[in-house]
Amino acid sequence: MPFSFPDISDKSMNSQTTERTVASLCGLGAILLWALLALFTAGTAQVPPFQLTAMTFGTAFVGVSLKWLFYRQDIRPFFKIPMGLWVLGVAGLFGYHFFYFLALKNAPAAEAGLIAYLWPLLIVLFSTLLPGERFYWFHLVGGLISLAGAGLLITKGAALEIRPEYSTGYLAAICCAFIWSSYSVLSRRYSAVSSDVIGLFCGITALLSLGCHLLFEVTLWPEDALQWLAVLGLGLGPVGAAFFLWDRGMKHGDIQTLGVLSYLSPLLSTLILLAVGVASFSWSLLFGCLLITVGALVGSLKILRALWKPAKPD
C-alpha cells in the first residue's frame with residue numbers, strides 16, 4: 001500500500017487527532033511502566049509467580065477502589081458491564097499470566113519469552129481488521145525490525161533450539177501472544193466504557209491467581225521492607241497504572257503504532273537492569289537495542305508526524 005497520511009486539515013480533524021495522540025501517549029506510558037517489570041520482579045526474590053500476581057493485582061484493585069471511595073464515584077454503571085467485556089477483560093489479564101507461567105514452566109525461558117513477545121506484531125496485524133484503521137507498510141516493517149531486536153535481547157545472541165519435548169511450553173507461549181494481542185485490539189469495541197473497569201478485572205484476576213497459588217504453590221512472603229516495596233511498586237506501576245493507561249491507548253489511540261512501540265519495553269528493561277548492575281554488557285545487547293530503536297522510529301512515523309506538525313490557525 002502506498003505511503004500516505006490521513007488528511008487532518010480542518011479543525012474537527014485536528015481535534016480528533018489531538019485526542020488520538022494523547023491516548024497514544026497514555027499507551028506509551030504503559031509501555032514505559034512495563035520496562036520496570038523485570039527490575040521490580042527481581043526485587044521480590046522468592047515470592048512464587050501466582051502469589052505475586054495475586055498480591056500485585058490485588059494492590060491495583062485496592063488502589064482503584066480507594067479512588068472510587070475518595071471521589072464518591074457512582075459505581076452503579078459498573079453493574080451493567082456487557083458480559084462480553086467481562087470475558088474479554090478477565091481472559092486478557094488472567095489468561096495471559098496463566099499461560100505465561102505455564103510456558104516458562106514447560107519450555108526454556110528464551111524461546112518461551114520470544115514466542116510470547118509476538119503479541120506486539122500481532123496487534124499491528126489484527127488492528128487492520130478494525131473499522132477506520134488502515135494498514136501502513138512502516139508499521140509492519142518497524143514491527144519486524146523491533147522483533148528481531150527483541151529476539152537478540154531475550155536470547156542474548158544464542159541460537160534458538162525448538163525441541164519437541166517443550167511443545168507444551170511453546171503452545172502456551174503462543175496462547176500468550178494471541179490472548180494479549182486479541183484482548184488489546186478487541187478493547188476498541190468497548191471504547192465507550194470507562195477504563196476504571198480495569199480495576200474490577202484486576203480484582204477478579206487477583207482472586208483467580210490466589211486460587212492457582214493455593215493449588216500449585218507454597219506460600220513465601222517477602223522477607224524485608226525492600227521486597228515489600230518491590231511488590232507495592234509492581235502493584236501501583238507495571239501491574240496497576242500501566243493496565244489503565246494501556247486500556248486508554250487501545251480504545252482511543254493509534255493501535256498500530258503502540259504495537260510497534262511495545263518493543264521498547266524489553267529494550268528499556270534491559271538498559272535499566274544494566275544500569276543497576278543486574279545485567280552485563282554484550283554485543284548482542286547493543287545490536288538488539290539498536291534494532292528496536294530503529295524499528296520503533298520506523299513504526300511510529302504517523303504519530304511522530306502528528307506530534308511535530310505545527311498547529312494551523314483557526
Side-chain angles (χ1 to χ4, degrees), residues 27-42 96-97 99-101 103-104 107-127 137-162 166 169-185 238 242 246 249-250 254-275 278-301 303:
L28 178 59
I31 294 168
L32 298 179
L33 284 173
W34 284 331
L36 297 171
L37 188 62
L39 178 63
F40 284 157
T41 301
Y96 173 82
H97 289 84
F99 282 103
Y100 184 71
F101 298 148
L104 293 181
E111 285 88 341
L114 184 57
I115 294 172
Y117 228 88
L118 287 171
W119 65 260
L121 190 58
L122 291 177
I123 285 178
V124 174
L125 298 177
F126 291 166
S127 63
W137 65 268
F138 50 83
H139 287 135
L140 180 59
V141 171
L144 290 173
I145 294 173
S146 293
L147 177 61
L152 281 176
L153 293 185
I154 293 171
T155 64
K156 297 179 174 60
L160 291 175
E161 293 186 21
I162 304 300
Y166 298 133
Y170 299 150
L171 181 59
I174 292 173
C175 289
C176 285
F178 276 90
I179 287 173
W180 189 252
S181 57
S182 299
Y183 161 76
S184 299
V185 173
W246 186 248
M250 289 296 99
D254 188 330
I255 291 183
Q256 293 167 329
T257 298
L258 287 173
V260 176
L261 290 178
S262 295
Y263 284 110
L264 288 175
S265 183
L267 181 154
L268 295 174
S269 178
T270 301
L271 293 178
I272 291 171
L273 294 177
L274 184 64
V278 176
S280 57
F281 175 82
S282 66
W283 288 108
S284 61
L285 186 151
L286 175 61
F287 287 118
C289 290
L290 289 175
L291 283 173
I292 291 178
T293 302
V294 171
L297 290 173
V298 172
S300 57
L301 285 177
I303 194 171

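Quick caveat, the model's predicted, so the values are computed rather than measured.
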Peer 1: Measure the spacing between CE of Met250 and OG of Ser184 and express it to the nearest 0.5 Å.
Peer 2: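 Rounded to the nearest 0.5 Å, the CE-OG separation comes to 5.5 Å.
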Peer 1: How would you list, by chain and number, every residue that makes a side chain to side chain contact (heavy atoms under 4.5 Å, CB included) with Thr41, sequence neighbours excluded?
Peer 2: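 Side chain to side chain contact (heavy atoms under 4.5 Å, CB included) list for Thr41, sorted by chain: Leu37, Thr44, Leu52, Leu234.
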Peer 1: In Å and rounded to the nearest 0.5 Å, what is the CG to CG distance from Leu153 to Leu271?
Peer 2: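 So the gap between those two atoms works out to 8.0 Å.
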Peer 1: Are His139 and Thr257 side-chain neighbours, meaning at least one heavy-atom pair lies under 4.5 Å?
Peer 2: yes
Peer 1: Got a sec: does the OH of Tyr183 have more than 12 other heavy atoms crowding it under 6.0 Å?
Peer 2: yes
Peer 1: Under the rule for side-chain hydrogen bond (donor to acceptor under 3.5 Å, both in side chains), what residues qualify as partners of His97, not counting sequence neighbours?
Peer 2: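 If we apply the side-chain hydrogen bond (donor to acceptor under 3.5 Å, both in side chains) test to His97, skipping adjacent residues, there are no hits.
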Peer 1: So which heavy atom on Leu268 is nearest to which on Ala35, and how close?
Peer 2: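 For Leu268 and Ala35, the tightest heavy-atom pair comes out as CB-CB, 3.5 Å.
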Peer 1: Rounded to the nearest 0.5 Å, how far does OH of Tyr263 lie from CG of Leu144?
Peer 2: 8.0 Å
Peer 1: Tyr166: what forms a ring-ring contact (aromatic ring centres under 6.0 Å, His included) with it, not counting sequence neighbours?
Peer 2: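 Here no residue qualifies.
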Peer 1: Would Leu258 and Ile123 count as a side chain to side chain contact (heavy atoms under 4.5 Å, CB included) here? Give the steps.
Peer 2: CA-CA 9 Å; Leu258 287 173; Ile123 285 178; over 6 Å; no
Peer 1: Got a second to check how far Leu147's CG is from Leu291's CG, nearest 0.5 Å?
Peer 2: 10.5 Å
Peer 1: Work out which heavy atom in Gly169 is nearest to a heavy atom in Ala107; give both atom names and the distance.
Peer 2: CA-CB, 3.8 Å
Peer 1: Listed by chain and number, what are the side chain to side chain contact (heavy atoms under 4.5 Å, CB included) partners of Leu290, not counting sequence neighbours?
Peer 2: Leu286, Phe287
Peer 1: List for me each residue that meets side chain to side chain contact (heavy atoms under 4.5 Å, CB included) alongside Ala30, sequence neighbours excluded, and say none if there are none.
Peer 2: Trp34, Ala242, Leu245, Trp246
Peer 1: Taking distance alone, no hydrogens or angles, what donor-acceptor pairs closer than 3.5 Å link side-chain atoms of residues 113-120 to residues at least two apart or in another chain?
Peer 2:
{"from": "Tyr117", "atom 1": "OH", "to": "Ser262", "atom 2": "O", "distance (Å)": "3.3"}

Peer 1: With rounding to the nearest 0.5 Å, note down the distance linking OH in Tyr100 to CG in Leu104.
Peer 2: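 One finds 4.5 Å between OH of Tyr100 and CG of Leu104.
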Peer 1: Look at the side chain of Ser182 and the backbone N and O of Ile179, then say whether any donor-acceptor pair between them is shorter than 3.5 Å.
Peer 2: no
Peer 1: With Ser265, which of Ile31, Ile292, Thr270, Leu33 fulfils side chain to side chain contact (heavy atoms under 4.5 Å, CB included)?
Peer 2: Ile31
Peer 1: So do Val260 and Ile145 actually touch side chain to side chain, heavy atoms under 4.5 Å?
Peer 2: no
Peer 1: How many angstroms lie between atom CG of Leu264 and atom OG1 of Thr293, to the nearest 0.5 angstrom?
Peer 2: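 It comes to 7.0 Å.
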